[in-house]
Amino acid sequence: MAMGLKVNKAIEELPDEFSGYDDAMTRPDAKFWKLAIEDEIRSLCENETWVTTPLPHGRKALQSKWVFKIKRDGYGNVERYKARLVIKGFQQRKGVDFSE
């Protein structure tokens with residue numbers, strides 16, 4: 001989501017990169033992170049990123065987490081709030097969870 005925003009000092013002092021939905025929702029710029037999350041979910045659905053299937057017996061779903069990043073232009077101005085939903089890849093097993 002492109003912004004081209006000027007943000008207040010309280011936001012400027014926070015880290016530009018972090019993970020965790022709860023952290024994003026407690027920041028003063030939470031409304032922008034909500035929009036970024038909606039944009040990511042829309043993109044994942046439009047691109048048919050995954051297929052819902054039943055889990056094999058005895059298996060648990062892989063966990064995911066939200067990763068957040070503020071993109072800035074060459075002058076340090078906020079251009080975009082970017083949210084990504086990522087699978088905790090260290091839990092995947094070749095031949096079981098993927099076949100590439």
The salt bridge (Lys or Arg N to Asp or Glu O under 4.0 Å) partners of Lys71 (sequence neighbours excluded) come to none
Taken in chain and number order and not counting sequence neighbours, the residues that satisfy side-chain contact (heavy atoms from CB on, under 4.5 Å) with Tyr21 are Met25, Ile37, Trp66
Ala36 and Tyr81 have their tightest heavy-atom pair at CB-O, 3.4 Å
Report task. Indicate yes or no for a side-chain donor-acceptor contact from Thr49 to the backbone of Leu44 under 3.5 Å, with no hydrogens or angles considered. Result -> yes
Exercise. Checking Asp73 side chain against Gly76 main chain: does a donor-acceptor pair fall under 3.5 Å?
Worked result: yes
Report task. Applying side chain to side chain donor-acceptor pair (under 3.5 Å), run through Asn47 and Ser43 and close with a yes or a no. Result -> CA-CA 6 Å; Asn47 291 315; Ser43 176; 3.2 Å; yes
Asp23 meets the side-chain contact (heavy atoms from CB on, under 4.5 Å) criterion, sequence neighbours left out, with Phe18
Check your understanding: Between Lys69 and Asp16, is the closest basic N to carboxylate O distance under 4.0 Å?
Key -> no
Across all chains, not counting sequence neighbours, the side-chain contact (heavy atoms from CB on, under 4.5 Å) partners of Ser19 are Lys65, Val67
Going by chain and number, the hydrophobic cluster around Val51 (ILVMFWY, side chain to side chain under 4.5 Å) further includes none
Residue set satisfying side-chain hydrogen bond (donor to acceptor under 3.5 Å, both in side chains) with Asp22, at least two apart, ordered chain then number -> none
Ion pair present between Arg84 and Glu40, side-chain N to carboxylate O less than 4.0 angstrom? yes
